Amino acid sequence: MTALADLLLRRIRAGGPLSIADYMADCLLHPEHGYYTTRDPFGVRGDFITAPEISQMFGELLGLCLARAWQDQGAPAAFVLAEIGPGRGTLMADVLRATRAVPGFHAAAGVVLIEASPSLRACQKATLAPYPVQWADSIDVLVEKPLFLLANEVFDALPIRQFQRHAEGWQERLVGDCGGRLAFGLSAPTRMAALEHRLADTAPGDIVETCAPAQAIVAGLAARIDCHGGAALLIDYGDWRSRGDTLQALRRHAFADPLADPGKADLTAHVDFEALAEAAAPCAVAGPVPQGVLLERLGITARARALAGRMTGAALTAHVAAHRRLTHPAEMGQLFKALALHPRGAPPPPGF
Ligand code: SAH
């Protein structure tokens with residue numbers, strides 16, 4: 001049993017079952033035993049690979065997309081260029097390299113990374129050593145300026161709660177102690193105002209998920225972008241409206257039991273883009289657009305050809321596979337989607 005499993009079981013015995021959100025939050029970010037706090041999970045040797053780790057093209061195109069949105073809003077002379085959950089810092093490094101040639105963009109940008117894990121902050125510092133970069137704990141402390149922001153595969157790591165439909169309302173799925181092992185259980189049924197609208201499209205036994213932290217972050221972003229200008233590109237896997245249990249654990253590129261080894265596996269859930277779009281008022285929302293469609297519209301095929309011209313052998317084969325992996329509907333192209341927030345008076349960022 002992991003040290004975190006032991007700790008969670010003791011907490012459950014003392015205070016009763018945990019919500020899945022409480023369980024997820026500790027598994028991912030517990031100061032001593034959390035998954036992101038204790039390791040670098042990315043890459044072939046890690047547990048999963050994200051789009052910026054697959055190819056530099058991802059960050060280059062999103063960087064130019066943000067730079068174009070900045071130009072479309074009159075190229076404000078001072079703005080915040082931010083990323084939430086930057087992982088190894090690869091995406092921001094690609095963004096900064098690709099936008100070097102955009103006149104005035106770097107001079108106007110103050111780069112801020114919002115990262116919860118100290119070990120990943122250190123990793124980002126090494127990757128982004130050539131650039132002046134600051135770190136923040138949350139978007140709430142950013143300076144009051146136009147905000148151009150990216151978040152890739154971050155909202156899927158935010159803690160969700162699950163509710164199972166019952167004839168009398170909803171039962172929350174909880175994590176409890178079953179004979180000394182962590183096990184799922186259900187709360188007593190209650191009516192829930194926040195899920196009243198889901199009574200129409202669910203039947204008893206169906207599960208829906210909510211993610212209050214994701215909605216709070218989007219509401220905060222939207223208030224800033226509406227007030228000061230800017231844009232946010234939120235990319236993740238998920239769909240329009242939460243349906244069913246999507247909590248999953250990944251360890252060494254394979255699915256695992258989410259309760260088996262708390263703190264040792266990545267835990268995620270699909271992002272509900274409908275809930276994010278609803279939280280984005282008063283901003284305008286564009287998308288969600290499938291990742292493959294967005295990258296094609298931003299010119300990934302032309303960029304892939306240009307890069308391929310300088311490659312041969314195994315590097316070329318890997319490059320062609322990376323292009324396909326990012327864009328093909330059977331790979332990341334359809335499951336992953338991008339949502340853009342922008343001011344009501346400004347055009348949506350290119351590609352949306
Ligand atoms: N965007 C990166 C990493 C995705 S993994 C990429 O595409 O490769 C999720 C990232 O979000 C990690 O850096 C993790 O530490 C961070 N994270 C998780 N929860 C967070 C939170 N509540 N606030 C800020 N960062 C968070």
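As the structure lists them, so they are numbered: ligands from 1, and atoms in each ligand from 1. None of these values were measured; they are calculated from a predicted model. Positions are given from 1, in the same order as the sequence printed here. Below, all heavy atoms of this structure are taken into account, side chains as well, without hydrogens, waters or symmetry copies.
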Checklist line | Ion pair R10/D6, N-O distance below 4.0 Å | finding: yes
Looking only at protein heavy atoms, what sits closest to atom 26 (C) of ligand 1 is A116 CB, 4.0 Å
Closest to atom 19 (N) of ligand 1 among protein heavy atoms sits L29 CD1, 3.6 Å
Test side-chain hydrogen bond (donor to acceptor under 3.5 Å, both in side chains), reference T246, set E209, Q162, H270, output is E209
One finds that the ligand 1 atoms under 4.0 Å from a non-hydrogen atom of E83 are 1 (N)
Salt-bridge criterion met for D245 and R173 (N-O under 4.0 Å): yes
Compute the ring centroids of F105 and F79, then answer whether they are less than 6.0 Å apart.
yes
* Asked: Is a donor on one side and an acceptor on the other found under 3.5 Å between the side chain of H342 and the backbone of A346?
  -> yes
Does the distance from a Lys or Arg side-chain N to an Asp or Glu carboxylate O, for D177 and R13, drop under 4.0 Å? yes
*Between G87 and ligand 1, does any nitrogen or oxygen pair lie at a separation below 3.5 Å?*
yes
Salt-bridge present (D26, R11; N to O < 4.0 Å):
yes
of all protein heavy atoms, closest to atom 6 (C) of ligand 1 is T50 OG1, 3.3 Å
I'd like to know if R241 pairs up with D201 as an ion pair, taking the criterion as any Lys NZ or Arg NE/NH1/NH2 lying under 4.0 Å from an Asp or Glu carboxylate oxygen. yes
- Is it true that K337 and D236 have a side-chain N and a carboxylate O under 4.0 angstrom from each other? no
One finds that the ligand 1 atoms under 4.0 Å from a non-hydrogen atom of L120 are 12 (C), 13 (O), 15 (O)
For atom 13 (O) of ligand 1, the closest protein heavy atom turns out to be E115 OE1, 2.7 Å
heavy-atom search around atom 22 (N) of ligand 1 in the protein gives L158 CD2, 3.6 Å
In this structure, atom 4 (C) of ligand 1 is nearest to the protein heavy atom E153 O, 3.3 Å
For I114, the ligand 1 atoms with a heavy-atom partner under 4.0 Å come out as 24 (C), 25 (N)
the protein heavy atom lying closest to atom 3 (C) of ligand 1 turns out to be G85 O, 3.4 Å
Notebook entry, point to check: Short N/O distance, under 3.5 Å, between P52 and ligand 1?
Noted result: no
Note: N152, heavy atoms under 4.0 Å from ligand 1, region reported as both
Any heavy atom of R88 under 4.0 Å from ligand 1? The part involved is neither
